[in-house]
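These notes concern the structure reproduced below.
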Amino acid sequence: MKEKDYSLQTLEQELIEELEDNKEEILESNGDYLIEYVHSNISVYTYEQIMIYANNSDLWHMESTLGGTTIQQQIVEVIFEHLSGVAYKWLDEKQQELEEAEE
């Protein structure tokens, strides 16, 4: 059985691959549904959420700004906020590339 990879790098890569696969739709909607892609890339399993947090010290210094009241909610929110940043950076880069191509 293959061991699950809980690294942020893997999560980011999987998210970007999904964004690339749906790039036209995302750009046509101006990123309106970008958050849906972020949500779909966060495991629904508490164990996996905790393992992602535990294995990525980059998340440890982050504080959730979404108001989670339990530790588990705060962990998910920190992962969500991190991946949202990755997704919006990707969107900004793709929109800039599109603008440059139109010039």
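Only a predicted model underlies this, so the values are computations on that prediction, with no experimental measurement involved.
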Supply the atom-to-atom distance [X] [atom1] to [Y] [atom2], rounded to the nearest 0.5 angstrom.
{"X": "Ile42", "Y": "Leu11", "atom1": "CD1", "atom2": "CG", "answer": "8.5 Å"}
{"X": "Leu8", "Y": "Gln13", "atom1": "CG", "atom2": "CD", "answer": "12.5 Å"}
{"X": "Glu100", "Y": "Leu98", "atom1": "CD", "atom2": "CG", "answer": "10.0 Å"}
{"X": "Lys23", "Y": "Glu97", "atom1": "NZ", "atom2": "CD", "answer": "6.5 Å"}
{"X": "Ile52", "Y": "Asp5", "atom1": "CD1", "atom2": "CG", "answer": "9.5 Å"}
{"X": "Glu18", "Y": "Glu36", "atom1": "CD", "atom2": "CD", "answer": "11.0 Å"}

Which atoms form the tightest heavy-atom contact between [X] and [Y], and what is the distance?
{"X": "Tyr53", "Y": "Ile79", "result": "N-CD1, 4.5 Å"}
{"X": "Glu20", "Y": "Lys94", "result": "OE2-CE, 2.9 Å"}
{"X": "Ser43", "Y": "Glu48", "result": "OG-OE1, 2.7 Å"}
{"X": "Gln49", "Y": "Ile75", "result": "O-CG2, 3.6 Å"}
{"X": "Val38", "Y": "Ala87", "result": "CG2-CB, 3.7 Å"}
{"X": "Asn41", "Y": "Leu83", "result": "O-CD1, 4.3 Å"}

Is there a donor in the side chain of Asn30 and an acceptor in the side chain of Gln95, or the other way round, less than 3.5 Å apart?
yes
Give the intermediate values and the outcome of side chain to side chain contact (heavy atoms under 4.5 Å, CB included) for residues Phe80 and Ile35.
CA-CA 9 Å; Phe80 173 79; Ile35 293 304; 3.7 Å; yes
Verify, without hydrogens or angle tests, whether Glu77 (side chain) and Gly68 (backbone) share a donor-acceptor contact under 3.5 angstrom.
yes
Under 3.5 Å donor-acceptor, Asn56 side chain and Asp58 backbone:
no
Is [Y] reachable from [X] through a run of hydrophobic residues whose side-chain heavy atoms are each under 4.5 Å from the next?
{"X": "Val86", "Y": "Tyr33", "result": "no"}
{"X": "Val44", "Y": "Met51", "result": "no"}
{"X": "Ile50", "Y": "Tyr45", "result": "no"}

How are the rings of Tyr6 and Tyr47 set to each other: parallel, tilted or perpendicular (split at 30° and 60°)?
perpendicular
Side chain to side chain contact (heavy atoms under 4.5 Å, CB included) assessment of Ile26 paired with Trp90
CA-CA 11 Å; Ile26 293 168; Trp90 174 88; 3.8 Å; yes
Among Leu27, Asn22, Asp21, whose side chain to side chain contact (heavy atoms under 4.5 Å, CB included) with Glu25 holds?
Asn22
